[in-house]
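The block underneath contains the structure these notes are about, expressed in C-alpha cells.
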Amino acid sequence: MEARKILLLLLCLDFSFLAVIAAGPPTCPADVDAKCGEVEWKGEFFPNVPQINYEGPSSKNPLAFKWYNAEEVILGKKMKDWMRFSVAFWHTFRGTGGDPFGAPTKQWPWEDGTNSLAMAKRRMRANFEFIKKLGVEWWCFHDRDIAPDGKTLEETNANLDEVVALAKELQGIEIKPLWGTAQLFHHPRYMHGAATSPEVGVYAYAAAQVKKAMEVTHYLGGVNYVFWGGREGYQSLLNTDMKRELDHMAAFLKSAADWKKKIGFNGTLLIEPKPQEPTKHQYDWDAATSAGFLLKYGLSGDFKLNIECNHATLSQHSCFHELETARINGLLGNIDANTGDPQIGWDTDQFLVDIGEATLVMLSVVRNGGLAPGGFNFDAKLRRESTDPEDLFIAHISGMDTLARGLRNVAKLIEEGDLDGLVRKRYASFDSEIGAAIEGGKADFEYLEKKALEWGEPTVSSGKQELAEMMFQSAL
C-alpha cells in the first residue's frame, strides 16, 4: 500500500514538472513593483509601442516614419546605408532629466533606483528591445554607463564583462556598436583630466580603462572607438604646463593606436572636438584645432573626427563648417546628431529637427561619399519635461525623419544642379591655364606680377549670396 502511494506521488510530481515546462518561463510586468522573486524578467519594456514602420509624409501616426524609408535607394545607396543610425545608451537609458538647477524628473518603469549589476542587465534588455522596435542596427556606449564601478579595477572589469556578455547575446548578428568609449570625466580621479592629469597614477588608470573599453568594443563587433576629452584641458594656465599636457595626450593616443593593432581591432579611432564645458578650455577645441594636433603629433593616419553639431555651436561654428573642415582634411569619421538652443549657452543635446540644418549636414555627408564605417549617433536627450517612455521613440523618429528629409533635399539640389553651377561659375577664372598653374604650385610671384601688369585692374563679380540662399531654400 505504501509503495503504491509513493509511486502515485512521484507520478503527480512528474506531471507537475511537465506542466511547468509546457507553460514556458514565468513572466511579470516591467515595473519594479512586480513580485517576480529571483526570476529574471524577459517580457516587454515598451508593451504599448509597436514595431516602427515607414508610412509616408501623409501619416499622422507619431509612432511611424514619414520620411525615413530604410530600404529606399537615394543617390545610389539605401537610406539606412547613408545614415547608419545609432542609439546612445547614456542619454536614452541613463538620462534622468536632471540639470544644474533641478533634480531628476524621469523614473522609467523598469528602474529600481540603484546602479546595481542586476539593474544594469535590465537596462541592457530594455536597450535592445528599443533598438529592435526602432529598426536600427547600431548602438553606442560608455563603459561606465552600461556597468557599475566596483570597489577595485578588477571588480569593475568583472562587472563590465558580465554586462557585455549579455549585450553580446542580445544584439545577435544584426546589431553592433557603432562605437564604444571609456568614461574618463565623471569620477573624481579625473578632476584634473585623464591623459592630461598631472598625476601619473591617474594617467595609468585611464590607460587601463581605455584598454579594457577597447577590448569589449572589439568583442562586441564595434566598428569605431571614440575619445572625448571633456577634462583634457585647463581651468587656468597659471598652474598648467600646456606643452607637457599636450605631449602626454599625444603619447596616450599613440598607445591606444598601438593597442588597437595589437588586439586586431579594425575599427576607426575617433576624436570628438569640443571647446569647453566642463573644462574652461579643452585641447580639442574644434575640428581645425584637432586636425592640427593630429598632424603635429603624426596621428592623422590613425584617427578621424567625431563631429557633434552642438559642440560646433559652442565653438562659434556651424555644424556644416565643422563637417566641411573635417571632410576636406580627410578626417570626417562620424557624426553625433544633435543640436543646441541659440538662446541657451550650454550643451543642451537636443534632437536635430531643423530641416535646413539637416540638409546642410547631409550635403557634407554626400560630398564625403557617406560615413561608413561611421554613422549618425543620437547623442541627444529628451527634454526635462518629457517623461513618458514613448517619448523616447517619438524623439528618435523625429530625428531620423529630419535627417532623411535632409538627404532627400540634397538629392533634389544635386538633380537640379543650380547651386553647384553657381559655385562653379564663381571660381571659373581658375579653370584657365593660369589658374591651373596657380593651383598646381607652378606660378611664382614674378610670373604673377607680369600678369597683373598685363591685365591691369581686375574685375570682381557679385558673390550672388542671396541667389545661393534662394536656391537652397527652394529645395527644402
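Please read all numbers here as calculations on a predicted model, not as lab measurements.
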Determine whether [X] and [Y] make a side-chain contact, defined as any pair of heavy atoms from C-beta on separated by less than 4.5 Å.
X	Y	result
S315	W285	yes
R84	E137	no
F376	V365	yes
F227	V210	yes
L392	F46	yes
F393	K133	yes
P198	R244	no

Describe, in one word, how the ring planes of [X] and [Y] are oriented to each other, choosing from parallel (under 30°), tilted (30 to 60°) and perpendicular (over 60°).
X	Y	answer
H321	H317	parallel
W110	F45	perpendicular
H281	Y283	perpendicular

Near [X] [atom1], under 6.0 Å, is it more than 12 heavy atoms from other residues, nucleotides or ligands?
X	atom1	value
M191	CE	no
R426	CZ	no
K176	NZ	no

inquiry  = If the threshold is 4.0 Å, N to carboxylate O, is there a salt bridge linking D347 and K274?
reply    =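 Looking at K274 together with D347, the answer is yes, because their closest N to O distance falls below 4.0 Å.
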task = Using the salt bridge (charged side-chain N to carboxylate O under 4.0 Å, His left out) rule, take D161 and K212 through it: C-alpha gap first, then chi angles, then the decisive distance, then the call.
result = CA-CA 10 Å; D161 284 337; K212 182 65 175 179; 2.7 Å; yes
Atom [atom1] in [X], atom [atom2] in [Y]: separation rounded to 0.5 Å?
X	Y	atom1	atom2	result
T217	F265	OG1	CZ	6.0 Å
T96	L382	OG1	CG	11.0 Å
L270	F303	CG	CZ	9.0 Å

Give every donor-acceptor pair under 3.5 Å between a side-chain atom in residues 62-70 and any protein atom, sequence neighbours left out.
| unit_1 | atom_1 | unit_2 | atom_2 | d |
| --- | --- | --- | --- | --- |
| K66 | NZ | N61 | O | 2.4 |
| K66 | NZ | A64 | O | 2.9 |

ask   = Which pairs with one or both residues in residues 184-211 pass side chain to side chain donor-acceptor pair (under 3.5 Å), sequence neighbours excluded?
value =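 Matches after skipping sequence neighbours: D143-Q209, H187-R189, R189-Y205, Y190-Q209, T196-E232, K211-E215.
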query = Centroid-to-centroid, F85 to F378, below 6.0 Å?
reply =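 Between F378 and F85, which both carry aromatic rings, the centre distance is below 6.0 Å.
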ask   = Does H396 have its ring centroid less than 6.0 Å away from the ring centroid of F351?
value =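 They qualify: ring centres under 6.0 Å apart.
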For C140, all residues meeting disulfide (SG to SG under 2.5 Å), sequence neighbours excluded =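 Partners of C140 under the disulfide (SG to SG under 2.5 Å) test: none.
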side-chain hydrogen bond (donor to acceptor under 3.5 Å, both in side chains) evaluation trace for N310 with N338 = CA-CA 6 Å; N310 202 168; N338 63 16; 4.9 Å; no
ask   = Is the cationic atom of K168 (NZ for Lys, CZ for Arg) positioned less than 6.0 Å from the six-membered ring centroid of Y219 and within 45 degrees of its normal?
value =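 That pair qualifies as a cation-pi contact.
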